[in-house]
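Below is one structure, written out as structure tokens; the observations come after it.
Throughout, numbering of the chain's residues begins at 1 and tracks the sequence. Both ligands and their constituent atoms are indexed starting at 1 by order of listing.
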Amino acid sequence: MRDFSNAKRIVVKVGTNVLTKKNAIDSDYIKKIANEISKLVDKGIKVILVSSGAIGFGSMKLKLKQKPRDIKLRQALAAIGQRILMNEYAKAFDKYNVEVAQILLTYDVISERKTFLNLRNCVENLLKMNIVPIINENDVISIDEIGTRFGDNDRLSAMVASKIDADLLILLSDIDGLYTDNPKKNKNAKKLKIVKKITPDIEKFAGKSGSIFAVGGMKSKIDAAKITMRAGCSMVIAPGRKHNIISDIIDGKEIGTLFLAERRISSRKRWIINAKPNGKIIINECAEKVLKEGKSSLLPIGITSIEGSFKKGDVVVINDFAKAVPDLSSKEIDKIKGMKSKDICTILKKKCRDEVIKKENIVLV
Ligand code: GLU
């Protein structure tokens with residue numbers, strides 16, 4: 001039996017496909033979503049809406065037949081479309097006397113501790129005032145080339161849900177759940193009602209080809225589930241166009257696929273896992289074995305090389321099995337790699353500890 005009647009914080013994500021109909025903005029649908037969310041706000045539930053649509057709405061405004069690939073044009077379309085998107089929401093929520101606020105994010109803003117704390121303060125304040133924050137990726141400035149991009153709002157909404165300790169993330173999509181195969185091609189494909197653990201099988205279901213499954217579709221939703229589940233937040237992939245979809249999910253109806261929350265890991269560990277890494281530390285086999293046991297810190301003797309440039313306190317990747325926060329910068333680590341701990345202070349000419357990364361700052365991924 002599903003039961004979300006106690007959920008106090010909910011993130012709802014709406015995809016572009018759900019917000020549009022026959023290549024036009026579906027204002028009636030936006031009104032319905034506003035109605036459903038306003039009812040929750042009236043009940044004292046804190047809701048954050050993550051909405052796509054900027055580039056799509058911009059394309060429609062300029063009467064383009066499809067979203068262009070050219071990055072500069074996409075940036076311009078996002079700037080045009082985001083304004084239209086917010087106008088639609090503001091109008092729709094106005095009818096229910098609920099205020100909305102716009103927040104545009106990039107991956108580095110959420111990864112960087114300081115900017116993230118600013119963001120969290122702002123979101124908490126808005127929620128306290130019963131204002132619905134409407135979040136989208138800042139597609140005007142975040143492009144793949146500068147590595148600041150989420151790329152899809154599934155992962156972005158999961159990060160938001162994790163950061164604000166939400167109880168539930170609802171992904172309103174044009175797919176009604178996770179299937180064992182592409183249901184458009186295979187009549188025997190079965191929809192999974194519940195996923196308690198992301199197993200290799202689950203990843204395989206998501207990775208199979210077919211238009212809805214491939215392009216960012218299910219794969220990014222499974223990545224989102226990984227983020228929310230370890231944050232103690234359940235996630236539901238649900239058919240966005242179904243009548244009363246949000247209230248039905250909260251009432252516990254078995255709609256879509258539920259990814260069940262796991263035990264919540266600490267917010268610091270979650271921050272380390274989800275942050276954008278600024279570099280990489282390559283360590284030898286012996287050090288890898290010791291770190292995987294989770295009982296030891298990383299000592300300089302196990303380090304073979306460094307990639308990228310990072311400061312003390314930035315998040316880095318260790319080989320490909322862990323993320324961590326070092327106590328030294330890449331320049332300093334480079335000087336002491338392969339050395340014995342007792343020599344660190346002499347080489348770095350400063351007072352420092354034996355280890356490069358404390359064990360509590362290493363998280364296996
Ligand atoms: N941020 C993009 C937009 O608003 C959409 C990303 C997505 O759909 O996942 O157009």
Side-chain angles (χ1 to χ4, degrees), residues 11-21 23-27 29-30 33 48-90 92 100-110 119 132-162 169-175 206 211-228 235-241 274:
V11 178
V12 178
K13 181 252 165 179
V14 205
T16 309
N17 286 346
V18 189
L19 293 172
T20 52
K21 209 171 165 182
N23 227 5
I25 299 169
D26 189 349
S27 301
Y29 179 76
I30 294 177
I33 288 295
I48 291 182
L49 178 60
V50 174
S51 180
S52 308
I55 301 174
F57 285 16
S59 308
M60 286 169 204
K61 181 75 181 170
L62 297 196
K63 301 198 168 40
L64 304 180
K65 290 225 166 64
Q66 56 191 41
K67 281 191 196 174
R69 280 169 188 269
D70 179 73
I71 294 170
K72 288 194 191 99
L73 184 52
R74 285 173 76 92
Q75 288 169 271
L77 292 172
I80 298 166
Q82 182 63 31
R83 195 271 304 156
I84 302 171
L85 182 68
M86 283 312 292
N87 260 4
E88 288 284 338
Y89 279 123
V100 294
Q102 170 183 269
I103 299 182
L104 298 176
L105 291 182
T106 56
Y107 190 20
D108 48 350
V109 160
I110 231 173
L119 168 73
V132 177
I134 302 182
I135 301 181
N136 193 3
E137 176 153 25
N138 193 343
D139 300 303
V140 172
I141 58 162
S142 84
I143 56 170
D144 275 334
E145 280 60 20
I146 51 172
T148 56
R149 196 166 135 77
F150 285 98
D152 64 80
N153 278 353
D154 294 325
R155 279 187 324 123
L156 184 150
S157 59
M159 297 266 264
V160 168
S162 163
L169 166 64
I170 302 175
L171 299 183
L172 295 181
S173 174
D174 51 354
I175 319 167
S211 63
I212 48 170
F213 283 81
V215 208
M218 255 321 148
K219 168 84 179 64
S220 64
K221 289 180 177 51
I222 299 297
D223 288 345
K226 286 185 197 164
I227 297 171
T228 55
M235 183 185 106
V236 178
I237 300 175
R241 293 207 153 261
N274 295 329

Checklist entry - What pair of heavy atoms forms the shortest contact from G53 to T16, and how long is it? => result N-OG1, 3.3 Å
Checklist entry - Is there a donor-acceptor contact under 3.5 Å from the side chain of S59 to the main chain of I55? => result yes
Item to check | Of all pairs that satisfy side chain to side chain donor-acceptor pair (under 3.5 Å), the ones with a partner from residues 68-77, not counting sequence neighbours | outcome: none
Checklist entry - Mind checking what makes salt bridge (Lys or Arg N to Asp or Glu O under 4.0 Å) contact with R155, not counting sequence neighbours? => result D152
Checklist entry - Tell me, do Y29 and V14 make a side-chain contact under 4.5 Å, heavy atoms counted? => result yes
May I have the list of side-chain donor-acceptor pairs in residues 78-88 shorter than 3.5 Å, sequence neighbours left out?
residue: Q82; atom: OE1; partner: N136; partner atom: ND2; Å: 3.0
residue: Q82; atom: NE2; partner: Q102; partner atom: OE1; Å: 3.1
residue: E88; atom: OE1; partner: S27; partner atom: OG; Å: 3.0

Item to check | Close residues, ligand 1: non-hydrogen atom nearer than 4.0 Å | outcome: S52, G53, A54, I55, N136, D139, D152, N153
